[in-house]
Undergrad: 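I have a structure here, written as structure tokens, and I will follow up with some questions on it.
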Amino acid sequence: MNITITTPLYYVNDKPHLGSTYTTIACDAYARFHRLNGNKVNFITGVDEHGQKIQRTAELKKISPTKHCEKISMEYKALWKQWSISNDFFIRTTDSHHQTLVNQFFERVKASGDIKLGHQQGWYCVGCEEYKDLPKDAIKPTCSIHLKELEWRDEENLFFCLSKYQKQIESLLEREDFIQPASRRNEIINFVSKGLNDFSISRLNVEWGLKVPGHEGHTFYVWFDALLGYLSALIPDDKDVNLSEIEQYGWPAYIHIIGKDILRFHAIYWPAMLLSAGLELPKKVYGHGFLTREGQKMGKSIGNVLDPVFLINKYGEDAIRWYLLSDFKFGQDGDFQHKRFVDLINNDLANTIGNLLNRTTTMTRNWYEDKVPRNNQENPTNELKDLANKTIPKVVNYYNDLSFKEACSEILNLASTANLYLNNIQPWKLIKESSNKDIVAFHLYNVLETTRIVGILLKPILPNLSSKILNQLGYNNQAQNWNDDLKWGKLLPSSSLPSPCPILYKIED
RNA sequence: GUCAGUGUAGCUCAGCCGGUUAGAGCACAGCAUUCAUAACGCUGAGGUCGAGAGUUCAAGUCUCUCCACUGACACCA
């Protein structure tokens, strides 16, 4: 199965922040999960580089928009690499393919009779890149988001006839799984039920944008341009752009994973545009929650933003990926609390999982010549095997539903149970009688194997830590498709165990 | 203002169709222990389940009212 997963195309107005990192990490985990299940994944991320806001930012910095975009885009690319993001595509809306595709798309929409010339007037926020619904005689209105004065504008724009698609969008929203989580679906249904208005897709006098063919002075509105990036991303560099071939490259998207703030664009405007252009609709749109910090909204004005570069340099990808995915329910908002972050990393990763690996391999190495022991028992009861076999399908289902928190909790439970198993069996006592060597081998094999399964199950969310675990278990022959790796008993007796070293050091502060 | 949602131990949250003494993880206190990353394990303390009323043999769990917070929309700026 061909699975196309997208992050939003991040706006390069400023350097990457933790919110976009959160989205991207989640998409990465999801993409890895589907690859491990044997699917062909197209994991798309990228950047949105056009618009007046960027033009103005560049002017302020006294550099060209091109230079500005180049710089920020490279920061994104570098950051994703640092975080082990496994994206297959990185689209920039300044890529030449993209302009061609936008033109083709525009022609299709025009041919459907969905483009009309209109007049847009109203109070405009450059920050939001949108008109605010305010009365004409408002005095010095400001944008509630950007806290900046709005500009009065009256200009000729091209409009997309969204209202034509009222019925089709309504029936799309009847599909229960199109918008997730369900709570946000209701909001969108509510919004649509009040009637959809046509929206403008071009701007006058914005230099930094894609030119609208046949309309001198018009550039495409950034949203129209940016959403189409999901399509142009899929087209290989060495192929000509041809929208009618887009389906052979992986369209429609299996899922768009986005922040809740841009749900409307993805769940209403975007499907309508695709309908107009005669293209398939994405299967699902998931609007995840926002991150706050110590109970406060993160913002530049408060000066409490968490910088992803700082975080990864100080704590490493495993720690942050684990915290973000294991402690926050994906659909809901999450509060980043430093103390909790430190506690959870130390407990879950260092103590529960790390120490399990460490104590088990140490015992095994000491008593069985640095090798995985042979399990000589005939058909003994094995509670760890039973639990592992119950845990695996649960975790797989949770991953499939983007329920990362629940998946993490199941994995952790398996590791804890293995720790408990050791405490109950007390192999360090049994081994004192040489006649117990076989039975101890059996127990240790069970724990090693459980630890291996923990390592395999962690692959989507913690690719780095997972491979450290598996290496220490001497398990180096992993398959691309994890179904085989998830079967009990894959750890081969006699494979040698390297001398252990902590897979993760505790956080001190 | 309209419509949703949330409100359960210090913190983050589970609690399905109502049913014995309300759960988990973390934090905290004590015990035990050495195979291990001062890790693991055990025990304990900690909640009138936002408030009030109602339905019921029985209510975090259903109904109503109110309070607080969050979101969408509207209004106002």
Side-chain angles (χ1 to χ4, degrees), chain A residues 123 132-135 137-144 147 149-150 179 181-197 259-264 267-268 287 289-290 292 294-295 297 323-324 326-368 403 405-406 408-413 415-432 440 443-444 447-448 451 468-469 472 499-508:
Chain A
W123 293 101
K132 299 291 172 181
D133 202 2
L134 297 174
D137 53 2
I139 302 155
K140 288 205 170 190
T142 53
C143 167
S144 55
L147 306 171
E149 269 192 39
L150 300 176
I179 297 178
S183 53
R184 297 203 218 289
R185 173 172 170 247
N186 297 333
E187 287 176 11
I188 296 290
I189 289 176
N190 212 292
F191 178 81
V192 173
S193 72
K194 290 176 179 161
L196 293 173
N197 295 320
K260 61 183 184 181
D261 54 330
I262 52 175
L263 188 54
R264 194 188 296 171
I268 302 174
F290 276 174
T292 52
E294 313 293 344
K297 209 168 162 174
Y323 181 53
L324 293 180
S326 77
D327 200 36
F328 303 147
K329 208 162 184 177
F330 192 49
Q332 290 164 213
D333 289 353
D335 190 36
F336 197 112
Q337 297 177 355
H338 185 76
K339 179 167 182 341
R340 187 166 171 79
F341 161 66
V342 172
D343 284 343
L344 287 184
I345 296 314
N346 290 348
N347 275 289
D348 299 347
L349 297 186
N351 296 349
T352 303
I353 295 174
N355 185 49
L356 170 68
L357 174 70
N358 195 278
R359 69 194 297 211
T360 312
T361 50
T362 301
M363 282 186 273
T364 311
R365 279 168 53 85
N366 286 345
W367 307 329
Y368 299 91
S403 299
K405 178 180 171 129
E406 291 77 3
C408 290
S409 154
E410 287 295 336
I411 297 170
L412 205 56
N413 178 20
S416 297
T417 306
N419 271 320
L420 186 56
Y421 182 89
L422 285 174
N423 285 37
N424 291 338
I425 301 293
Q426 299 184 299
W428 50 91
K429 285 189 179 161
L430 288 177
I431 200 68
K432 286 175 182 164
V440 169
H443 291 311
L444 284 184
V447 179
L448 287 166
T451 311
K468 282 186 183 173
I469 293 172
Q472 287 204 24
S499 63
C501 96
I503 50 170
L504 186 127
Y505 288 96
K506 286 188 198 171
I507 301 171
E508 299 289 344

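First the proteins, then the strands, lettered A, B, ... as listed; each starts at 1.
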Undergrad: Provide the distance between the two C1' atoms, one in B/C35 and one in B/C26, to the nearest whole Å.
TA: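 Pairwise C1' distance, B/C35 against B/C26, rounds to 26 Å.
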Undergrad: Please work out if A/L504 contacts a base, only the sugar-phosphate, or nothing of the nucleic acid, heavy-atom cut-off 4.0 Å.
TA: base
Undergrad: Between B/C66 and B/G7, how far apart are the two C1' atoms, rounded to whole Å?
TA: 14 Å
Undergrad: Between B/A74 and B/C17, how far is it from one C1' atom to the other, in whole Å?
TA: 37 Å
Undergrad: Out of curiosity, A/I268 CD1 to A/L263 CG, how far, rounded to the nearest 0.5 Å?
TA: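 Nearest 0.5 Å value for the CD1-CG distance: 7.5 Å.
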Undergrad: What's the gap between B/G18 and B/U61 when it is taken at their C1' atoms, as a whole Å value?
TA: 6 Å
Undergrad: Checking the side chain of A/S193 only, and the main-chain atoms of A/N190 only, is there a donor and an acceptor separated by less than 3.5 Å?
TA: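 Looks like yes, one N/O pair under 3.5 Å.
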Undergrad: Rounded to whole Å, please give me the gap between CD in A/Q472 and C1' in B/A36.
TA: 12 Å
Undergrad: List the residues meeting salt bridge (charged side-chain N to carboxylate O under 4.0 Å, His left out) with A/D261, not counting sequence neighbours, and say none if there are none.
TA: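 Here no residue qualifies.
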Undergrad: Which heavy atom of A/T361 sits nearest a heavy atom of A/L357, and at what distance?
TA: OG1-O, 2.7 Å
Undergrad: For RNA chain B, what dot-bracket results from Watson-Crick or G-U pairs at under 3.5 Å, with [ ] for crossers and | for inter-strand partners?
TA: (((((((..((((.....[...)))).((((.........)))).....(((((..]....))))))))))))....
Undergrad: Starting at atom CG of A/N186, determine the distance to atom C1' of B/G5, rounded to an integer number of angstrom.
TA: 9 Å
Undergrad: Looking at every strand, decide which applies to A/I503 at a 4.0 Å heavy-atom threshold: base, sugar-phosphate, or nothing.
TA: base
Undergrad: What integer number of Å spans the C1' atoms of B/U33 and B/A38?
TA: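 After rounding to an integer number of Å, I get 12 Å for this pair.
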Undergrad: Please name all residues satisfying salt bridge (charged side-chain N to carboxylate O under 4.0 Å, His left out) with A/K405, sequence neighbours left out, ordered by chain then number.
TA: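 Testing A/K405 for salt bridge (charged side-chain N to carboxylate O under 4.0 Å, His left out), a comparison that skips the adjacent residues, returns none.
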Undergrad: Rounding to an integer number of Å, can you tell me how far A/I188 CD1 sits from B/G5 C1'?
TA: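 About 15 Å, once rounded to whole Å.
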Undergrad: What's the closest nucleotide to the side chain of A/K329 if the choices are B/C35, B/G71, B/A14?
TA: B/A14
Undergrad: Starting at CD1 of A/I189 and ending at P of B/A4, how long is that distance when rounded to a whole Å?
TA: 13 Å
Undergrad: Kindly give the heavy-atom pair with the smallest separation between A/P181 and A/G287, and that separation in Å.
TA: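 So the minimum-distance heavy-atom pair works out to CD-O, 3.2 Å.
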Undergrad: Give the rounded distance in Å between these two atoms: NZ of A/K429 and P of B/C35.
TA: 10 Å
Undergrad: Of A/L412 and A/T362, whose closest RNA chain B nucleotide lies nearer the 5' terminus?
TA: A/L412
Undergrad: B/U65 and B/G47: how far apart are their P atoms, nearest whole angstrom?
TA: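 These two P atoms come out 32 Å apart once rounded.
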Undergrad: What orientation do A/H443 and A/Y421 show, parallel under 30°, tilted 30 to 60°, or perpendicular over 60°?
TA: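 It falls in the perpendicular class, over 60°.
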Undergrad: Can you find a side chain N or O atom of A/K194 that sits less than 4.0 Å from OP1 or OP2 on B/A72?
TA: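 Negative; the distance criterion is not met.
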Undergrad: Would you mind calling B/G41 syn or anti? Take O4'-C1'-N9-C4 for purines or O4'-C1'-N1-C2 for pyrimidines, and syn is within 90° of 0.
TA: anti
Undergrad: For RNA chain B, which residues in residues 331-338 of chain A have a heavy atom at a distance below 4.0 Å?
TA: A/Q337
Undergrad: With no hydrogens and no angle check, is any side-chain donor or acceptor of A/D327 less than 3.5 Å from a backbone partner on A/F341?
TA: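 No, the answer is negative, given that no donor and acceptor are paired below the 3.5 Å cut-off.
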Undergrad: Donor-acceptor pairs under 3.5 Å, side chain of residues 499-507 of chain A to any protein atom, not counting sequence neighbours: which ones?
TA:
unit_1	atom_1	unit_2	atom_2	d
A/K506	NZ	A/N351	OD1	3.1

Undergrad: Quickly work out the A/Y323 OH to B/C11 P distance and round it to whole Å.
TA: 14 Å
Undergrad: Specify the separation, in whole Å, of atom CZ of A/R340 and atom C1' of B/A24.
TA: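 Spelled out: CZ on A/R340 to C1' on B/A24 is 11 Å.
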Undergrad: For A/E294 and A/H338, work out which heavy atoms get closest and say how close.
TA: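 Shortest heavy-atom separation between A/E294 and A/H338 comes out as OE2-N, 2.7 Å.
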Undergrad: Would you mind telling me which residue lines up with the more 5' stretch of RNA chain B, A/C501 or A/F328, judged by nearest nucleotide?
TA: A/F328
Undergrad: Can you measure from CD1 (A/I431) to CG (A/N366) and round to the nearest 0.5 angstrom?
TA: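 Interatomic distance, A/I431 CD1 to A/N366 CG, rounded to 0.5 Å: 10.0 Å.
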Undergrad: On a whole-Å scale, what distance lies between the P atoms belonging to B/C67 and B/G52?
TA: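 To the nearest whole Å, 15 Å.
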Undergrad: Atom pairs under 3.5 Å, N or O on each side, protein against nucleotides 39-42 of chain B: can you list them with distances?
TA:
unit_1	atom_1	unit_2	atom_2	d
B/A39	O5'	A/K506	NZ	3.4
B/A39	O2'	A/N355	ND2	2.7
B/C40	O2'	A/R359	NH1	3.0
B/C40	O2'	A/N423	OD1	3.1
B/C40	O2	A/N423	ND2	3.0
B/G41	O4'	A/N423	ND2	2.4

Undergrad: Identify the two heavy atoms, one from A/T352 and one from A/A415, that lie closest to each other, and give their separation to 0.1 Å.
TA: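 A/T352 and A/A415 have their closest heavy atoms at CG2-CB, 3.9 Å.
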Undergrad: Please report the distance separating the P of B/G10 from the corresponding atom of B/A45, rounded so that it comes out in whole Å.
TA: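 After rounding to an integer number of Å, I get 15 Å for this pair.
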Undergrad: Nearest-Å distance, CD1 (A/I469) to P (B/A36)?
TA: 20 Å
Undergrad: Using every non-hydrogen atom in the two residues, find where A/W367 and A/L444 come nearest and quote the distance to one decimal.
TA: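 It is CE3-CD1, 3.9 Å.
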